Amino acid sequence: MTQDSEYKLLDSLFDELFPLCRSITGHGIEASMDIIGRYMPLTFDKVKSGTQVFDWVVPAQWNFRRARLWGPNGEVICDTNINNLHVVSYSEPVDKHLTLEELQPHLHSLPTMPDAIPYVTSYYQRTWGFCLKDKDRQALQQGRYRVLIESEFDPEGGVPFAQTLLEGQSHKEVLLSSYLCHPSLANNELSGPLVLLGLYNRIKRWPKRRFSYRFLLNPETIGSLCFLHKHYQSLAENLEAGLILTCMGGDVDSLRYKASRRGDSVFDQLARQLSESGSLRFVEFTPLHGSDERQYCAPGFNLPVAQVSRSLNVTEVPYHTSLDDKGAMDMTRIIQSIDEIEQYLKLGEIAGNAVNQSPFGEPQLGKRNLYPNMNTLAHADKSSDSLVDGRTKLNAILTILSESDGTKAMVNIAQSLGLELASLESVIDELEQHRLIEFNTGEVL
């Protein structure tokens, strides 16, 4: 797939997904997963409403059709056929007439952002409401208002999630996950799933995968808890690292990496090194804000799951409002995010512990064209018979072979050489081809 065709696919997919009214359950999120399932082979699952999931109870499924609010003169004030954000997500069904005074407690707006419709939810406490621009709210006149919210709660429904696996050379997995539960938000909602799909299409074309890669879509928070409820044991045994993808389309030059709570995974170490070169921004874990990484990193799980975003700041104007539309999300930044995360994952494949496969003395490198066969002072600047580089490559080879005892991460070996891991990629590949090192990625498939 060319970059142009990739752009066109993701752009058209955005246009198809944006109008759907999604929530943590219901027809909208399931239809959205079905759409993405046309482009990656997703397996669908659902945790039934009423199920105890750790400290949470899975709510009844919210099946929503439409919500409208009419003014005293019959004028339409809110209509989810115009903007899905007009209704409080998980609103109860309502059909009644109210005075403005009776209606006001059920209206939501942002005085500091008079031109924005806020995104409001109430998943676990039954209520109803409408969201509108504050300038429109201030213009409301006295009189009788008609409220009609067409929704229902299905106690036999549940929270859905969908996943697929690209198998690699071992059972050790890298989890790539994003959420799909916000209605008609662009950067905060659709950028993550679009990057997830882009990465799936890229990684499936890799000629070799040392790790297996699991791709997961779920509603935020309750969805990741439901996934953990069913799959924690497998994750505990096989998870090498995880990345939660969110807010990938903002106009920011570099990615932001929020470390796992443990902060000690090889992927965390790699991100720290990359931040030193300025290629990404690194922040330590915090439970105070973020996305599903907070669930995976909770003390009982303590899994090595980080978060990657491009722009993630709740103080930014578009966040959780109608201003987060396609104009607030640059599709070229989506492609850039796919490019940068793919490169990061490729480095992650060689960042871990390697084992010297010829550890009894130095292997004979000359016969592999990895050492000068003619040993003279005149050849002191050669890494091999044909490569004059001040022995930079040869020094890297000798150091990697010496340090690769299964206890030292390659990302740290690179640092000891004063090099970025990316500069060792071709050397590592060559040593693997000669079967001189092998990465310790766990049980081989």
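Everything numeric in this text was worked out from a predicted model, so none of it was measured.
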(Q) F301 and ring-ring contact (aromatic ring centres under 6.0 Å, His included): which single residue from Y296, F227, F54 fits? (A)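 Exactly one pass, corresponding to F54.
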Q) Quick one: is the NZ or CZ of R68 closer than 6.0 Å to the six-membered ring centre of F130, and within 45° of its axis? A)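 Pair R68/F130 does not count as cation-pi.
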Q) Can you name the residues that form a side chain to side chain donor-acceptor pair (under 3.5 Å) with E240, not counting sequence neighbours? A)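 With neighbours one apart ignored, the set is empty.
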Q | Qualifying residues under side chain to side chain donor-acceptor pair (under 3.5 Å), relative to E156, sequence neighbours excluded | A |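 E156: side chain to side chain donor-acceptor pair (under 3.5 Å) contacts with K48.
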Does the pair [X]/[Y] count as a salt bridge with the N-to-O cut at 4.0 Å?
| X | Y | value |
| --- | --- | --- |
| E6 | R202 | yes |
| E167 | R209 | no |
| D4 | K8 | yes |
| D79 | R66 | yes |

(Q) Any non-hydrogen side-chain atom of I334 less than 4.5 Å from a side-chain atom of Y7? (A)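 Of all side-chain heavy-atom pairs linking Y7 with I334, none is under 4.5 Å.
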(Q) Tell me the closest heavy-atom pair linking D292 and T221, and the distance in Å. (A)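 Closest heavy-atom pair between D292 and T221: OD1-N, 2.7 Å.
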(Q) When you measure from the side chain of S404 to the backbone of L401, do you find a donor-acceptor pair of N or O atoms at a distance under 3.5 Å? (A)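 No, the answer is negative, given that no donor and acceptor are paired below the 3.5 Å cut-off.
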Q. By side chain to side chain contact (heavy atoms under 4.5 Å, CB included), which residues pair with N302, not counting sequence neighbours?
A.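 N302 satisfies side chain to side chain contact (heavy atoms under 4.5 Å, CB included) with R261, R262 once adjacent residues are dropped.
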